[in-house]
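Structure first, commentary second.
Every chain is numbered from 1, with letters handed out A, B, ... down the list of sequences.
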Number of protein chains: 2
Amino acid sequence: MTLQQMEYIVAVDKYRHFVKAAESCHVTQSTLSVMIQKLEDELDVQIFNRNSHPVSPTPIGEKIISQAKVVLFNVSQLKEMILSERQQESGEVKLGVIPTVAPYILPKLFGVIAERYPGVTLRVTETRSASILEKLDKAELDVGLLATPVGRPGLLEIPVYYEKFVAYISPGESLYNREEIESGRMPTERLWVLQEGHCLRNQVMNICDQRSGYSSIYEAGSIDTLVKIVDENGGYTIIPELHLAMLTEAQKAHVRKIVDPAPVREVSLMIRQDYVRERMLNILAESIRRILPEAMIDKRLKKFAISL
Amino acid sequence: MTLQQMEYIVAVDKYRHFVKAAESCHVTQSTLSVMIQKLEDELDVQIFNRNSHPVSPTPIGEKIISQAKVVLFNVSQLKEMILSERQQESGEVKLGVIPTVAPYILPKLFGVIAERYPGVTLRVTETRSASILEKLDKAELDVGLLATPVGRPGLLEIPVYYEKFVAYISPGESLYNREEIESGRMPTERLWVLQEGHCLRNQVMNICDQRSGYSSIYEAGSIDTLVKIVDENGGYTIIPELHLAMLTEAQKAHVRKIVDPAPVREVSLMIRQDYVRERMLNILAESIRRILPEAMIDKRLKKFAISL
DNA sequence: TCATGGTTATTGATTTTATCAATACAAATA
DNA sequence: TATTTGTATTGATAAAATCAATAACCATGA
């Protein structure tokens, strides 16, 4: 029993005439005759009555034809579904990602997208929050991936994951001896932070003890550099959870959990309010989440999230 | 796109392994590989990701597989439907038919049944009502076809059609000059009727004017004979509508409508109350009705029906 | 880095199937 | 009885599915 045979019996039922039905199927009448007989043999039922003029389906043939139509309908649905999916799952997306997220997400994201959505082309710009927001405004970017909430008029935020912060401490520091560090007990005197303009800098400022004045005068350009500075010069810094994977075993020993409360940043996809490719957004969100550990997607972390 | 290919992708999705899936489909792994690639080429989508281990469907592949399952389910439904229909539409039926119905129904009934329900074998006995009822009681017959209502305990009646009576009058009779004859104006003096035992005899008695005494002393064994008797000896008789088709053109001129009210007999299928093959009954009823003019199936005639 | 085992892809030969053109056959019509 | 209209049959051919063998790929542990 084949789809082709089903098309043939549906055609003969429609035209009540083998020759006309054969034409409509773009085959000869003999093909139709043979194939329908074959089907009748296989199912061991007579579908058509060739004695009556014009040819007509038997009672059971009518039921077979009607079910065959259901089958063919679902096949056509399948094909249409593919067309519509492909349409929605293809095209170029201009994505802006902030530097303190990019190194943890992008390398795998390209692979996942290429593998799962071969029709999608990512065109990524790594740049700081302010620049991403501006470019979204000007529609120079389709989507941004950055720390939120931002609350910018005309733009929408779609939270994707929540990332905890940890402290990276030089063995010389007094904090080093604690197993965990309470958020309120982090002096800013020996703190290294990113350059002005990185949103992570502001977040770090929020975490640390505001009573003490800032005295660390060196500002780094990337988390990697920050860590190296601490290694060389002592002091401490605050780094996002995902950076742990990039530390050596020796460096991991310098990491301390921050608690009470554990600071968390919310990372979201951002789009213009008039962005219409909802499906593309889902693809991005799904693909990013696929890269991350389950726990980081948990919305319950949101309550600890800090803003700029 | 073939059903076979759909089975293949469903199997690969199930086993996540080409070799195992191939086994389950009773083909080699190379066949599966080639066929699935062919399907992917035709649809121009990647259904599976062969890089991941174990092999896994792409997002669109998942949708395709799930729709393919729907199609395959439809096909299996079709096959099961055929099995169940064939079961219900086959077997032998012992049918009893009264003599004043048999000649009009049976010749075509055999043809219709053979053509539309090749699995059904009719075994027909032509005999009078009382004998049919008896044999139904003793389960020597499965179904009876006779004039109703009978109202016999343990038996069910399923009305199939309604047949008018007409008068067949010798040109010598005074009634012959009327275009139509009122039921009440039919004297029994010159009336020929069937032998005792034919239910039609009783029905005719009911139609005719009861005030006059019966004087016709000859009783015929069949409608055909009755008509010939009238042709040869004068007088008149009453015959069922379906007999008209058996008259010559000359004889048809001797036919007069009976009106006010037009007498009608109800013809029904009868079965034992415990008869279980409901489907077979429908087949018989449908096939009989297929033989008759539309008008005779009209239930509105029931109100004119006469009983024994 | 190199084998190794497990997995899928490729290939050429072979079998099976679908299709066609031509023609036979059957039924209805004139 | 011829004729027309329609379906079945048949033998040849083209297309396809399948197989066995083997290549290519890839993760993983030595």
Side-chain angles (χ1 to χ4, degrees), chain A residues 1-58 61 65 68 72 75 107-108 111-112 114-116 118, chain B residues 1-58 61 65 68 72 108 111-112 114-116 118:
Chain A
M1 171 167 243
T2 69
L3 292 173
Q4 188 107 147
Q5 288 169 336
M6 295 191 207
E7 274 161 19
Y8 290 163
I9 62 175
V10 168
V12 170
D13 179 56
K14 181 175 173 190
Y15 292 98
R16 303 289 168 120
H17 192 285
F18 274 64
V19 176
K20 286 175 193 160
E23 267 170 38
S24 87
C25 295
H26 309 293
V27 293
T28 61
Q29 167 265 322
S30 69
T31 299
L32 230 69
S33 252
V34 170
M35 294 319 287
I36 291 180
Q37 270 183 64
K38 211 169 213 171
L39 179 60
E40 288 180 327
D41 287 351
E42 182 191 333
L43 300 179
D44 195 22
V45 271
Q46 205 185 329
I47 298 174
F48 292 104
N49 219 312
R50 279 88 157 170
N51 300 327
S52 74
H53 285 271
V55 54
S56 64
T58 61
I65 290 161
L72 294 174
V75 171
K108 288 194 175 174
V112 168
E115 184 173 280
R116 295 174 61 81
Chain B
M1 170 166 242
T2 70
L3 292 173
Q4 187 96 201
Q5 288 169 336
M6 294 190 207
E7 275 161 18
Y8 291 163
I9 61 174
V10 168
V12 169
D13 178 56
K14 180 175 173 190
Y15 292 98
R16 303 290 168 117
H17 193 285
F18 274 65
V19 176
K20 287 175 193 160
E23 266 171 38
S24 87
C25 295
H26 309 294
V27 293
T28 60
Q29 167 265 321
S30 68
T31 299
L32 229 69
S33 250
V34 171
M35 288 290 100
I36 291 180
Q37 270 183 65
K38 210 170 214 170
L39 179 60
E40 289 180 327
D41 287 351
E42 182 191 334
L43 300 179
D44 195 22
V45 268
Q46 204 184 330
I47 299 174
F48 292 104
N49 220 312
R50 279 88 158 171
N51 299 327
S52 73
H53 285 272
V55 55
S56 64
T58 61
I65 290 161
L72 294 174
K108 288 195 175 173
V112 168
E115 184 173 280
R116 295 173 60 81

With the side chain of [X] defined as its heavy atoms from C-beta on, choose the nearest nucleotide among [options].
{"X": "A/Q37", "options": "D/dT7, D/dA8, D/dA20", "value": "D/dA8"}
{"X": "B/H17", "options": "C/dT10, C/dA18, C/dT8", "value": "C/dT8"}
{"X": "B/M35", "options": "C/dT19, D/dT7, D/dA17", "value": "D/dA17"}

Should [X] be listed as having a side-chain N or O under 4.0 Å from OP1 or OP2 of [N]?
{"X": "B/T31", "N": "D/dC19", "result": "yes"}
{"X": "A/R50", "N": "D/dA8", "result": "yes"}
{"X": "B/Q4", "N": "D/dT18", "result": "yes"}
{"X": "A/Y15", "N": "D/dT7", "result": "no"}
{"X": "A/K38", "N": "C/dA18", "result": "yes"}

Between B/T2 and A/H53, who's closer to the 5' end of DNA chain D by nearest nucleotide?
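Checking each residue's closest nucleotide, the 5'-ward one belongs to A/H53.
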
Assign A/F48 to base, sugar-phosphate, or nothing according to its heavy-atom contacts below 4.0 angstrom with the strands shown.
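No contact at all - A/F48 keeps every heavy atom at 4.0 Å or more from the nucleic acid.
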
How is B/Q29 classified with respect to the nucleic acid when contacts are heavy atoms under 4.0 Å: base, sugar-phosphate, or nothing?
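Counting heavy atoms under 4.0 Å across all strands, the contact made by B/Q29 includes a base.
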
Using only modelled atom types and a 3.5 angstrom limit, is any donor from either the side chain of A/S30 or the base of D/dA8 paired with an acceptor on the other?
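Not at all, since no donor on one side and acceptor on the other fall under 3.5 Å apart.
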
Verify salt bridge (Lys or Arg N to Asp or Glu O under 4.0 Å) between B/E23 and B/K14, making sure each step is shown before the conclusion.
CA-CA 12 Å; B/E23 266 171 38; B/K14 180 175 173 190; over 6 Å; no

Between [atom2] on [N] and [atom1] on [X], what's the gap in Å once rounded to a whole number?
{"X": "B/F18", "N": "C/dT10", "atom1": "CZ", "atom2": "P", "answer": "11 Å"}
{"X": "B/L32", "N": "C/dT8", "atom1": "CG", "atom2": "P", "answer": "9 Å"}
{"X": "A/E23", "N": "C/dT19", "atom1": "CD", "atom2": "C1'", "answer": "16 Å"}
{"X": "B/R16", "N": "C/dT8", "atom1": "CZ", "atom2": "C1'", "answer": "16 Å"}
{"X": "A/Q46", "N": "D/dT7", "atom1": "CD", "atom2": "C1'", "answer": "13 Å"}
{"X": "B/E115", "N": "C/dA26", "atom1": "CD", "atom2": "C1'", "answer": "15 Å"}
{"X": "A/I36", "N": "D/dT9", "atom1": "CD1", "atom2": "P", "answer": "13 Å"}
{"X": "A/Y8", "N": "C/dT17", "atom1": "OH", "atom2": "C1'", "answer": "12 Å"}

Need to verify one output field. Residue with the more 5' nearest nucleotide on DNA chain C, A/N51 or A/H26?
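Nearer the 5' end of the strand: A/H26.
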
Quick one: do the A/S30 and A/S33 side chains pair a donor with an acceptor below 3.5 Å?
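Side-chain D/A pair, A/S30 to A/S33: absent.
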
Can you see which heavy atom on A/F48 is nearest to which on A/I9, and at what distance?
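Heavy atoms only, the tightest pair is CZ-O, 3.4 Å.
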
Looking at every heavy atom in both B/C25 and B/E7, which two are closest together, and how far apart are they?
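So the minimum-distance heavy-atom pair works out to SG-O, 4.4 Å.
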
Residues A/L3, B/T2; criterion side-chain contact (heavy atoms from CB on, under 4.5 Å); working and verdict
CA-CA 6 Å; A/L3 292 173; B/T2 70; 5.5 Å; no

Only one of B/D13, B/L39, B/V12 forms a side-chain contact (heavy atoms from CB on, under 4.5 Å) with B/I47, so which one is it?
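Of B/D13, B/L39, B/V12, side-chain contact (heavy atoms from CB on, under 4.5 Å) with B/I47 is met by B/L39 alone.
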
